[in-house]
Amino acid sequence: MTNPLQVLNHIYGYPSFQGQQENIINHVLSGGSALVLMPTGGGKSICYQIPALLFDGLTIVVSPLIALMQDQVATLQELGISASYLSSALEVGENDKTIQKIRNKEIKILYVTPERLVNEWFINFLSRQKISLIAIDEAHCVSHWGHDFRPEYQKLQILGTVFSNVPRLALTATADHYTRVDIIHFLGLKTSPVFSTSFNRPNLYYMTQEKNNAKGQLLSFLNGRKHEAGIVYCNSRRRVDEITEFLQASGINAANYHAGLDNSLRANHQNKFLQSSSMVMVATVAFGLGIDKPDVRYVYHLDMPRSIDHFYQESGRAGRDTMPAISVVNYGFKEIFELSGMILAGESSDLKKRYELDKLKKIIAYCDSLNCRRQSLLTALGEESEPCGKCDICLSQDKNIYDGSVLAQKILSAIYRLQQKFSAGHVVDVLRGKASTAVQVWEHHKLSTFGIASEISEKELRRTIRQLYSYDLLDIDFTCGALKLNANSLPVLRGVKQVRLKKNPIYINRDITEKSIWLRTELEERLYHDLLNWRHKTAISHRVSHHAILSDRTLREIIENRPIDTFSMQSIYGVGEAKLRHFGNDVIAIVSSYQNL
Ligand code: ADP
Ligand code: ZN
């Protein structure tokens, strides 16, 4: 095979390139380096894998985690591509065999960790081999602004010197400006082009939910999804354990994952999850980078993520297979203070803390947004877009929005009278006319604003203050918790700016959470289950994950097109030559048994 499209058709079984893939591949084939910014599921891997197959020599792929490499290598091997990885977790003999294979030029694609790559012996060894391309996956790990900073990535700077004539392809799904600047600097890509694709994930459906009996809300969400795999993120290990136990006691197939678990137990839970299509993984965000499971159908943040970038990465773990998937954030006022507290207590410089608080503010604004969720997310990532028509905000069509100008004025004037020195709890007491000890000590019961919102519940006032913060109509000094006015407060106080607020719908809009049902008949459902069983058995005997055998989207096409011979089988999405050879007959036999029904 000599051209990229042929490889795509015959090896991968895909009909055409998507997005910028073809441009990137041609650029690399002509010897150029580049930075590739593409969302999760955008198809980054093919951008280096196809050149790797067309080049003579060896392609090195730098990847941060062994779990990621194992999965990629298994997927490539199922496609009939000679790929391998080096790992300290492998037995010494295994690594030696791989080294020998590299010497014999029997390997096309080699995955390594950055530590391994910059090891002196190894770099010496590689400099004597013919290296055609170096791909640096998850390149944002190079940046300390990023959420997955890995100091060893910065050592990759050496590649530009040792392999100055080898094209370098850095890939990431993080769009952040500062991260981008760091990648370009550390990986020596100043003169190389940047290929970037929209960060929109059209198959993800976004919604947020204010915390109101979090466990009950989670359970009601999960109840309709027992036959799906998904992730629930919590902000602490203790909470992960608590929620796992709660779900298990409620009859849900759940497992936990966090850094406090014993290594083997953690690996065991991860493997179970990778192999399952009907399981909840309750995890801290430590469970993240290492997973490459394409059929994650939802990511549910039971606690608020700490920035838009974290959120984008974490929610992005759903729906990599481009089939519909859901992102939910369950959030509340309390977490904002917890997260800001964590940021302020951290060891970073003041500059970085300010940067992180700014990031936190953006995720709060996303959660409280009155505009299309997708649009606010993309705006925060620096992209323009139209309302999506599919998120909770678009679907609720303003039903929950009301004019809250008067309430906003009351709150802002209370803050003003309190000389911008008091926290939300105290402001709420004054507004409600509650003569707490602190109120009496400060003689705030004598203020004109005392009791001016007595008819409104404490909870409602707190959520209104939170919304005003989200809409940038007031500030919070997180070092002491004091509420402050800002430049946008004045027009509201003067009555020249209207304030729109949102009521709190407790349960998620059913329209979006309704599962997309594509199995049209009972017959199709039976065929689907037969295919799932066969895939499960095959995956076990090949010791790979389900999707390395056939992806969900491929199964769906099989059901829709019912291939009963090799010819129709090879035109199915994701069926290349190796898959046709290995699995064609099995699938045709299963489909044929339904032919006369
Ligand atoms: P990323 O690394 O960007 O998250 P992947 O490289 O894992 O994404 O690709 C996501 C999915 O899309 C994979 O299942 C991959 O095989 C599939 N894919 C990639 N390119 C194409 C294409 N041109 N046509 C169809 N499917 C594709
Ligand atoms: Zn929308």
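Remember, it's 1-based here, ligands and their atoms both numbered in the order they're listed. None of the values given here were measured: they were computed from a predicted structure.
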Open item on the list: Give me each pair satisfying side chain to side chain donor-acceptor pair (under 3.5 Å) with a member in residues 22-34, each pair once, sequence neighbours excluded.
Closed with: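 Pairs touching residues 22-34 that pass the test: Gln20-Asn23.
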Open item on the list: With a heavy-atom distance limit of 4.0 Å, tell me whether Phe17 approaches ligand 1 through its side chain, its backbone, both, or neither.
Closed with: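 Contact part for Phe17 vs ligand 1: backbone (N, CA, C, O).
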Task: Separation between CD of Glu152 and OG1 of Thr113, rounded to the nearest 0.5 Å - done: 8.0 Å
Look at ligand 1 and say whether [X] reaches it with a heavy atom at a distance under 4.0 Å.
{"X": "Tyr12", "value": "no"}
{"X": "Met38", "value": "no"}
{"X": "Ser551", "value": "no"}
{"X": "Thr40", "value": "yes"}
{"X": "Gly41", "value": "yes"}
{"X": "Pro39", "value": "yes"}
{"X": "Ala173", "value": "no"}

Could you list which atoms of ligand 1 come closer than 4.0 Å to a heavy atom of [X]?
{"X": "Ser16", "value": "22 (C), 23 (N), 24 (N)"}
{"X": "Ser45", "value": "2 (O), 5 (P), 6 (O), 7 (O)"}
{"X": "Gln21", "value": "19 (C), 20 (N), 21 (C), 22 (C), 23 (N)"}

Open item on the list: What protein heavy atom lies closest to atom 26 (N) of ligand 1? Include the residue and the distance to one decimal.
Closed with: Tyr573 OH, 2.8 Å
Open item on the list: Give me the nearest non-hydrogen protein atom to atom 13 (C) of ligand 1 as residue plus atom name, then the distance to 0.1 Å.
Closed with: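 Going atom by atom, the protein heavy atom closest to atom 13 (C) of ligand 1 ends up being Tyr14 OH, 4.3 Å.
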Open item on the list: If you count heavy atoms of other groups shown closer than 6.0 angstrom to NE2 of His10, is the number above 12?
Closed with: yes
TODO: Look at the rings of Phe199 and Tyr312 and say which category their plane angle falls in: under 30° parallel, 30 to 60° tilted, over 60° perpendicular.
DONE: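 Plane angle between 30° and 60°, so tilted.
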- [ ] Please work out whether the ring planes of Tyr257 and Phe287 are parallel, tilted or perpendicular, with thresholds of 30° and 60°.
- [x] tilted
Basic-acidic side-chain contact under 4.0 Å: [X], [Y]:
{"X": "Asp303", "Y": "Lys211", "result": "yes"}
{"X": "Arg297", "Y": "Asp321", "result": "yes"}
{"X": "Arg150", "Y": "Glu115", "result": "yes"}

- [ ] Under the ring-ring contact (aromatic ring centres under 6.0 Å, His included) rule, collect the residues that match up with His547, sequence neighbours excluded.
- [x]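 Listed in chain order: nothing, the list is empty.
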